[in-house]
Amino acid sequence: MQRFKKIRVPDEGEKIIIEHDKLLIPDNPIIAFIEGDGTGPDIWSASKLVFDSAIEKAYGTKRKIYWTEIFAGEKAVKVYGKKTWLPDETVEAIKEFTIAIKGPLTTPVSYGIRSLNIALRQLLELFACVRPVKYYPGVPSPMKHPEDLDIVLFRENTEDVYAGVEFQSGSKETDDLIKYLNKKFDKNIRIPSGIGIKPMSQFASERLVKKAIEYAILNKRKRVTMVHKGNIMKYTEGAFKDWGYKIGKSYFKDVIITEEQLINGEIPEDKILLNDRIADSMFQQLLLRPKEYEVVATSNLNGDYLSDAAAGQVGGLGMAPGANMSYTTAIFEATHGTAPKYAGLDKVNPGSVILSGVMMLEYMGWLKAARLIQKALTKTIKSKIVTYDFARQMKGAKEVKTSEFAKAITQNME
């Protein structure tokens with residue numbers, strides 16, 4: 001396994017194997033990590049302490065993760081040289097080791113990769129961005145009942161306006177394209193204008209909704225809601241909804257029921273409700289009627305807005321885990337930015353990476369360690385030992401450093 005130029009793979013540990021779309025996790029798996037830019041090193045150091053402590057507490061010497069560092073962002077430039085923001089061997093290592101976890105990454109300005117996160121998703125075909133949003137007791141929230149919100153959001157990752165098919169205003173090719181559209185299809189687009197193309201395919205839409213329904217079945221959730229703007233964008237967002245119903249009714253015909261089929265609004269014991277909501281209405285629904293939603297499947301741009309808005313109800317991005325995954329590869333990640341002004345200050349909340357690690361452990365089937373972290377995190381926050389972002393919102397809180405917060409969590413593991 002020592003075929004990489006800059007990546008050092010531990011001598012001990014085994015690779016995770018996938019057979020028939022199922023993970024075969026050894027007791028000593030090698031897992032790749034990217035510590036991230038800005039506050040990333042502080043956050044990663046704290047999170048790793050929590051992960052390793054929980055695994056040791058849960059399984060003693062029987063299980064252990066062997067971490068191998070891979071590179072992206074500013075550290076990749078330092079290690080590999082100028083403008084090497086995403087080395088080829090980083091992508092190859094993620095493919096080889098199947099699971100990775102990362103901190104926040106800087107995206108280069110004015111040249112190169114549009115977004116490192118988007119590049120990783122596209123290069124590895126990580127078609128589903130999965131964002132669980134739930135409340136941890138004690139976390140400051142603007143809501144009266146933040147505990148009512150408990151959703152898992154599946155965002156399609158590869159298409160929509162994030163595909164990057166854009167044409168700059170004022171360029172000849174853009175003007176030519178506008179003239180063609182206006183003449184050929186009787187449109188009325190102004191010149192000059194910037195143009196963006198919003199591709200949404202049946203393949204990608206069905207794949208995303210299918211994964212959301214599979215999650216609901218596996219985790220005994222009763223509702224899967226497709227969110228779209230199909231009342232306006234009928235052939236993209238509207239088609240997403242139609243294709244979602246098609247895959248639900250055909251592939252899961254013995255499990256799925258729609259709202260039209262409900263009797264007195266009750267979901268039968270052996271069924272999962274597949275329904276849909278208009279995107280702008282869904283923002284209000286999550287505020288006013290959050291208990292009615294459990295699993296949400298949506299397109300790329302809608303998912304970006306909704307996941308962050310939902311996270312704001314339960315304490316913000318500092319407590320928002322996430323993952324980008326396919327059926328063979330998964331990257332778990334912080335959902336917030338790099339916060340460079342706090343870099344190296346040992347100050348920021350590591351909760352996003354810690355909870356992304358909880359997702360990772362659940363994905364691996366190491367549930368005992370995952371639950372230890374969740375309970376210890378809750379106990380630590382309820383005891384008001386928190387980082388500055390929460391301390392300024394909590395009366396009587398003790399503000400601690402990133403590293404101290406992590407140590408407090410490990411001390412609260414029971």
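We use all heavy atoms of the structure for the numbers below, so side chains are in, but hydrogens, waters and symmetry mates are not.
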Return yes when atom [atom1] of [X] has more than 12 non-hydrogen atoms of other residues, nucleotides or ligands closer than 6.0 Å, and no otherwise.
X	atom1	value
K6	NZ	no
K375	NZ	no
N219	CG	yes
Y363	OH	yes
Y59	OH	yes
Y215	OH	yes

Next item on the list: Report the C-alpha separation of R277 and Y293 in whole Å, then their side-chain angles, then the decisive distance to 0.1 Å, and conclude whether the side chain to side chain contact (heavy atoms under 4.5 Å, CB included) test is met.
Entry: CA-CA 11 Å; R277 294 290 183 267; Y293 302 96; 3.1 Å; yes
Verify whether one side chain among [X] and [Y] offers a donor that lies under 3.5 Å from an acceptor in the other.
X	Y	value
Q261	T258	yes
E125	T158	no
D42	T39	no
Q313	Y135	no
D389	T387	yes
N302	H228	no
E333	N324	yes

Notebook entry, point to check: So do the side chains of E35 and L105 get within less than 4.5 Å of each other, counting heavy atoms only?
Noted result: no
Note to self: Is any side-chain heavy atom of I31 closer than 4.5 Å to one of T98?
What the structure shows: no
Next item on the list: Apply ring pair (Phe, Tyr, Trp, His ring centres under 6.0 Å) to F33 and F332, showing your working.
Entry: CA-CA 9 Å; F33 74 91; F332 299 85; over 10 Å; no
Check: What distance do L181 atom CG and D176 atom CG have between them, rounded to the nearest 0.5 Å?
Finding: 11.0 Å
Salt bridge flag under 4.0 Å for residues [X] and [Y]:
X	Y	answer
K211	E214	no
K379	E414	yes
K347	E399	yes
E294	R223	yes
D52	K48	yes
D242	K246	no
K291	D150	no
K95	E92	yes
R63	D27	yes
E69	K75	yes
R371	E362	yes

Note to self: Between K229 and D280, does the side chain to side chain contact (heavy atoms under 4.5 Å, CB included) criterion hold? Intermediate values first, please.
What the structure shows: CA-CA 8 Å; K229 193 61 180 171; D280 45 328; 3.0 Å; yes
Margin query: Please identify which of these residues, L153, V133, L301, meets the side-chain contact (heavy atoms from CB on, under 4.5 Å) condition with L306.
Written below: L153
Taking [X] for the side chain and [Y] for the main chain, is one N or O donor matched with an acceptor at less than 3.5 Å?
X	Y	result
E206	F203	no
N182	I189	yes
K222	P268	yes
T225	V296	no
S53	T410	no
S171	Q168	yes
K187	K179	no
K234	N231	yes
T106	G73	no
S352	A320	yes

Next item on the list: Apply side-chain hydrogen bond (donor to acceptor under 3.5 Å, both in side chains) to the pair D37 and T338, showing each step before the final yes or no.
Entry: CA-CA 6 Å; D37 297 325; T338 58; over 6 Å; no
Next item on the list: Please lay out, stage by stage, how Y162 and D304 fare under the test side-chain hydrogen bond (donor to acceptor under 3.5 Å, both in side chains).
Entry: CA-CA 10 Å; Y162 287 74; D304 200 355; 2.3 Å; yes
Notebook entry, point to check: V209 and F240: side chain to side chain contact (heavy atoms under 4.5 Å, CB included), yes or no, with the steps?
Noted result: CA-CA 9 Å; V209 175; F240 172 86; 4.1 Å; yes
Item checked: Which residues share a ring pair (Phe, Tyr, Trp, His ring centres under 6.0 Å) with F283, sequence neighbours left out -> none
Margin query: Checking E89 against Y80 for the side-chain hydrogen bond (donor to acceptor under 3.5 Å, both in side chains) test, could you report, in this order, the C-alpha distance in whole Å, the side-chain angles of both residues, the deciding distance, and whether it holds?
Written below: CA-CA 11 Å; E89 69 175 20; Y80 291 86; 2.4 Å; yes
Notebook entry, point to check: So, is the end of the K407 side chain (NZ or CZ) under 6.0 Å from the ring centre of F405 and within 45° of the ring's axis?
Noted result: no
Margin query: Among E156, R155, R121, exactly one meets side chain to side chain donor-acceptor pair (under 3.5 Å) together with N300. Which residue is that?
Written below: R155
Notebook entry, point to check: Checking side chain to side chain contact (heavy atoms under 4.5 Å, CB included) for the pair Y136/V314: CA distance, chi angles, key distance, verdict?
Noted result: CA-CA 8 Å; Y136 285 84; V314 297; over 6 Å; no
Item checked: Parallel, tilted or perpendicular, as decided by the 30° and 60° cut-offs, for the rings of F4 and F97 -> tilted
